[in-house]
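A note on names: the letters A, B, ... follow the listed sequences, proteins ahead of strands, and every chain is numbered from 1.
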Protein chains: 2
Amino acid sequence: MHLKIGDLANATGTKVETVRYYERIGLLPEPERTSSNYRSYSSGHLDRLNFIRHARGLGFDIADIRSLLGLADEPEGDCTEVDRIASGHLEAVERKISRLIVLRDELTRMIGQCRGGQVGSCRIMNVLADHSLCKGEHSAS
Amino acid sequence: MHLKIGDLANATGTKVETVRYYERIGLLPEPERTSSNYRSYSSGHLDRLNFIRHARGLGFDIADIRSLLGLADEPEGDCTEVDRIASGHLEAVERKISRLIVLRDELTRMIGQCRGGQVGSCRIMNVLADHSLCKGEHSAS
DNA sequence: ATGGACCCTGTAGCAACTACAGGGTCAAGG
DNA sequence: CCTTGACCCTGTAGTTGCTACAGGGTCCAT
């Protein structure tokens with residue numbers, strides 16, 4: 001198992017620059033070097049990079065992944081902390097979804113009110129210019 | 001109407017630094033200066049900054065807002081382009097929601113399988129280490 | 001005249017990469 | 001043997017949308 005950086009990148013769907021970036025920030029351990037100073041990765045590196053990419057794919061941030069990797073290195077340990085990190089992330093994702101749904105509904109309503117015509121009378125522009133038009137709020141008439 | 005930067009920031013719920021940032025990137029026009037070199041804003045600036053903040057609140061990016069502001073400056077123009085920008089943004093939001101829902105479901109399933117115990121046998125860790133465990137994919141046995 | 005609240009410029013930091021520039025290495029083909 | 005092209009190396013700067021200083025100046029009240 002002696003992978004060059006390009007092989008490792010290919011095997012994990014990562015860009016070469018990203019692999020080097022992970023090394024720079026200490027997420028992926030420094031590999032051996034060949035006599036010509038090329039990085040030479042082992043299957044351990046492959047596993048670790050796969051772990052990182054899967055976690056990133058699930059939206060975990062680097063700090064969380066750092067913690068998870070630390071926990072993975074002690075398989076005898078209790079997995080409460082793993083659960084805590086994952087649950088925290090799940091909650092963050094749920095909050096993000098809620099916020100985006102509010103946004104989506106506001107955008108949908110706004111766009112639905114546009115009847116074309118001049119910019120000056122465009123409902124979209126009106127809403128943006130005066131947010132009180134947005135949620136059924138009305139200025140006193 | 002002569003607002004100092006702090007007044008403008010307060011009136012729009014923006015940080016002073018952010019106002020200066022918008023000026024630096026050309027989103028907010030440069031205001032007059034007092035004799036002591038303080039920025040002095042008019043109600044036109046206030047309207048424009050409100051527009052920017054509302055649009056940012058709806059998730060439009062700076063490039064979109066730049067376009068929308070350009071269109072707002074020609075109220076006689078046709079609002080097709082406005083509609084196009086808003087619809088494009090709505091679609092992006094919808095894509096983001098879909099992606100996050102997939103994530104949420106994967107995370108929920110993953111976390112639901114965790115029965116506590118050792119890290120080494122934690123389902124969450126297993127999924128992260130080998131993504132093929134994730135969606136009911138099985139390696140040939 | 002002195003304190004505190006404001007203002008100024010300019011620069012650096014955040015997340016998580018991505019994209020060069022300007023080199024070195026290596027294997028295959030002519 | 002030499003060249004060509006695909007790799008590899010380091011180091012730095014760009015992306016997005018701010019935010020946070022540092023190191024000054026101004027203004028007003030006490």
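Taking atom CZ of residue A:Phe60 and atom C1' of nucleotide C:dA15, one finds them 17 Å apart after rounding to whole Å. Summarising the geometry, the separation between CD on A:Glu32 and P on D:dC8 is reported as 18 Å, rounded to the nearest angstrom. Taking atom CG of B:Asn10 as the reference point, atom C1' of C:dC6 lies 12 Å away to the nearest angstrom. To the nearest angstrom, P of D:dC8 lies 7 Å from CG of A:Asp7. Put simply, CG on B:Leu49 is 16 Å from P on D:dG17, counting in whole angstrom units. The CZ atom of B:Arg66 sits 10 Å away from the P atom of D:dT16 (whole-angstrom rounding). With rounding to whole Å, B:Leu3 atom CG is found 15 Å from C:dC6 atom P. Here the C1' atom of nucleotide D:dC8 and the OH atom of A:Tyr41 are 11 Å apart, to the nearest Å.
Using a 4.0 Å cut-off between charged side-chain N and carboxylate O, B:Asp61 and B:Arg66 make no salt bridge. Salt-bridge check for B:Arg109 with B:Glu106: failed, with every basic side-chain N at 4.0 Å or more from each acidic carboxylate O. Remark: B:Arg20 does not engage B:Glu23 in a salt bridge, criterion side-chain N to carboxylate O under 4.0 Å. By the 4.0 Å N-to-carboxylate-O rule, A:Arg123 lies too far from B:Asp83 to be salt-bridged with it.
For the pair B:Lys15 and D:dA20, the criterion of a side-chain N or O lying under 4.0 Å from OP1 or OP2 is met. Contact check, A:Ser36 against C:dC26: a side-chain N or O comes under 4.0 Å of OP1 or OP2. OP1 or OP2 of C:dT9 has at least one side-chain nitrogen or oxygen of B:Arg33 nearer than 4.0 Å. For C:dT9, neither phosphate oxygen OP1 nor OP2 lies less than 4.0 angstrom from any side-chain nitrogen or oxygen of B:Arg20. Dashed line: the shortest gap from a side-chain N or O of B:Thr18 to OP1 or OP2 of D:dT19 is under 4.0 Å.
Heavy-atom neighbours of B:Glu74 CD from other residues, nucleotides or ligands within 6.0 Å: at or below the threshold of 12.
Side-chain proximity of B:Glu17 to the nucleotides C:dA16, D:dC7, D:dA20 is greatest for D:dA20. Nearest to the side chain of B:Tyr38, among D:dC8, D:dG25, D:dC18, sits D:dG25. The side chain of A:Asn37 approaches D:dC9 more closely than any other nucleotide in the set D:dG17, D:dT19, D:dC9. Closest to the side chain of A:Arg24, out of D:dT19, D:dG17, C:dT18, is C:dT18. Of the listed nucleotides (C:dG24, D:dC27, C:dA16), C:dA16 has the atom at the smallest distance from the side chain of A:Asp61.
Within 4.0 Å of B:Arg56, counting heavy atoms only, lie sugar-phosphate atoms of the nucleic acid but no base atom. Contacts of B:Ile5 with the nucleic acid, taken as non-hydrogen atoms under 4.0 Å apart, involve only primed sugar atoms and P, OP1 or OP2. Nucleic acid contact class of B:Arg39 (heavy atoms, under 4.0 Å, all strands): sugar-phosphate only. Within the 4.0 angstrom heavy-atom criterion, only backbone atoms of the sugar-phosphate kind lie near A:Tyr22; the bases stay farther away.
Under the 4.5 Å side-chain contact rule for hydrophobic residues, A:Leu49 and A:Tyr38 do not share a cluster.
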